[in-house]
Asker: 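Provided herewith is a single structure, encoded as structure tokens, for subsequent inquiry.
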Amino acid sequence: MGLIDRSKAQVRVLDSAEAIVTAWPVVRELRPHLDAQALIAAWQVQREEGFQAAGLFIDEECVGFAGYRIQTMLAHGRFLYVDDLVVSESRRGQGAGDVLMDWLLAAAKTAGCASLQLDSGTHRHGAHAFYFRCGMTISSYHFRIPLSE
């Protein structure tokens, strides 16, 4: 397959349980520990904390998903934080990720953000290559201590 036709690609805000579930086939590629009902339940909790979601649709099929939130921190000012960013494996390398990233950057600028930020698992080398290609840099380490098993 070649590059996607951007004129047929549409990013839509996913603002209902019915809309979120349309993204389930692609979300499960990034979050295999969830099922569709767990995704909806998590979305319902997270949206109360400012979480927003968008799907990339081509011919009514959701082929990409972005979960994000606008935050303000002393260290960064106002920024858009990407919780989840995934493109269906069958669409990777065709420009779908670029469409989603462009949409996220535009959303960040519209919201008056100083930057777009995300964390990425150390094992996700393909994603890292994409982020570098988008002009992102590694700006910090992310540390954690699990509080339960």
Asker: Taking the side chain as every heavy atom from C-beta outward, state whether I70 and Q52 have any atom pair closer than 4.5 Å.
Answerer: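 A side-chain contact exists here, since the closest heavy-atom pair is under 4.5 Å.
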Asker: Is any side-chain heavy atom of F132 closer than 4.5 Å to one of I138?
Answerer: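 Yes; the side chains approach each other to less than 4.5 Å.
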Asker: Are R91 and I58 side-chain neighbours, meaning at least one heavy-atom pair lies under 4.5 Å?
Answerer: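 SC-SC contact between R91 and I58 confirmed.
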Asker: Determine, using the 4.5 Å side-chain heavy-atom cutoff (strictly less than), whether L80 and F130 are members of one ILVMFWY cluster.
Answerer: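 Yes; tracing contacts between hydrophobic side chains, which count when under 4.5 Å, links both residues.
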Asker: Could you state the interatomic distance from CE (M101) to CG (L104), rounded to the nearest 0.5 Å?
Answerer: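 Here the interatomic distance stands at 6.5 Å.
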Asker: Would you check if D83 and Q46 make a side-chain contact, meaning some heavy-atom pair closer than 4.5 Å?
Answerer: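 A side-chain contact under 4.5 Å exists here.
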Asker: G93 and L3: which non-hydrogen atoms are nearest, and at how many Å?
Answerer: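 Smallest interatomic distance, heavy atoms only, reads O-CD2, 4.1 Å.
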Asker: Compare every heavy atom of R78 with every heavy atom of G112, then report the nearest pair and how far apart it is.
Answerer: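 Of all heavy-atom pairs spanning G112 and R78, the closest is O-CD, 3.7 Å.
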Asker: Report whether I20 and W24 are members of the same hydrophobic cluster (ILVMFWY, side-chain heavy atoms less than 4.5 Å apart, transitive linking).
Answerer: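 Looking at the clustering, W24 is in the same group as I20.
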Asker: What pair of heavy atoms forms the shortest contact from G67 to F65, and how long is it?
Answerer: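 Looks like N-CE2, 3.8 Å.
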Asker: Do L30 and R124 touch side chain to side chain, with heavy atoms closer than 4.5 Å?
Answerer: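 They are in side-chain contact.
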Asker: Give me the ring orientation class for H125 and H128: parallel if the planes are under 30° apart, tilted from 30 to 60°, perpendicular past 60°.
Answerer: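 If you compare the ring of H125 with that of H128, the planes turn out perpendicular.
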Asker: Hey, is the main chain of E61 close enough, under 3.5 Å, to the side chain of D59 for a donor-acceptor pair?
Answerer: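 Such a contact is absent between D59 side chain and E61 backbone.
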Asker: Are any non-hydrogen side-chain atoms of Q117 and M73 less than 4.5 angstrom apart?
Answerer: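 Sidechains of M73 and Q117: no contact.
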Asker: Same cluster or not: W103 versus M136, using hydrophobic residues (I, L, V, M, F, W, Y) connected whenever any side-chain heavy atoms lie under 4.5 Å apart?
Answerer: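 Per the 4.5 Å side-chain linkage, W103 and M136 are co-clustered.
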Asker: The test is side chain to side chain contact (heavy atoms under 4.5 Å, CB included); show your working for V87 and Q94 and say whether it passes.
Answerer: CA-CA 10 Å; V87 168; Q94 298 173 19; over 6 Å; no
Asker: For the atom pair CD (Q10) and CD (E60), what is the distance rounded to the nearest 0.5 Å?
Answerer: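 If I round to the nearest 0.5 Å, the distance is 7.0 Å.
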Asker: Are L14 and W43 co-members of a hydrophobic cluster defined by side-chain heavy atoms under 4.5 Å apart?
Answerer: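 Yes; tracing contacts between hydrophobic side chains, which count when under 4.5 Å, links both residues.
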Asker: Restricting to non-hydrogen atoms, name the atom on D5 and the atom on S7 that form the minimum distance, rounded to 0.1 Å.
Answerer: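 It is OD1-OG, 2.6 Å.
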Asker: Decide yes or no on salt bridge (Lys or Arg N to Asp or Glu O under 4.0 Å) for D102 and R6, but give the supporting numbers first.
Answerer: CA-CA 12 Å; D102 289 348; R6 280 185 175 246; 3.3 Å; yes
Asker: Does atom CD of E89 have more than 12 heavy-atom neighbours, drawn from other residues, nucleotides or ligands, at distances under 6.0 Å?
Answerer: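 Result for CD/E89: open.
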Asker: Is it the case that the side chains of H76 and S115 hold a donor-acceptor pair, with the cut-off being a distance below 3.5 Å and no angle test?
Answerer: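 There is no such pair between these side chains.
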Asker: Look up atom OH in Y81 and atom CG in L118, then write down how far apart they are to the nearest 0.5 Å.
Answerer: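 Result: 6.5 Å between the selected atoms.
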Asker: What are the two closest non-hydrogen atoms of L39 and V27, and how far apart are they?
Answerer: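 Distance-wise, the nearest heavy atoms are CD1-CG1, 4.0 Å.
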Asker: What's the separation between atom CG in L100 and atom CG in L56, rounded to the nearest 0.5 Å?
Answerer: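 The CG atom of L100 sits 5.0 Å away from the CG atom of L56.
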Asker: Do V86 and R31 come close enough that some side-chain heavy atom pair is under 4.5 Å?
Answerer: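 V86 vs R31: side chains apart.
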Asker: From E29 CD over to R92 CZ, what is the distance, rounded to the nearest 0.5 angstrom?
Answerer: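 It comes to 5.5 Å.
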Asker: Looking at side-chain heavy atoms only, is the closest gap between R12 and T22 below 4.5 Å?
Answerer: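 Sidechains of T22 and R12: no contact.
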Asker: For the hydrophobic clusters of this structure (ILVMFWY residues joined by side-chain heavy atoms under 4.5 Å, transitively), does one cluster hold both L85 and V11?
Answerer: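 Same hydrophobic cluster.
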Asker: Looking at every non-hydrogen atom in both residues, tell me the closest pair between E18 and V21 and how far apart they are.
Answerer: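 Minimum heavy-atom contact is O-CG1, 3.2 Å.
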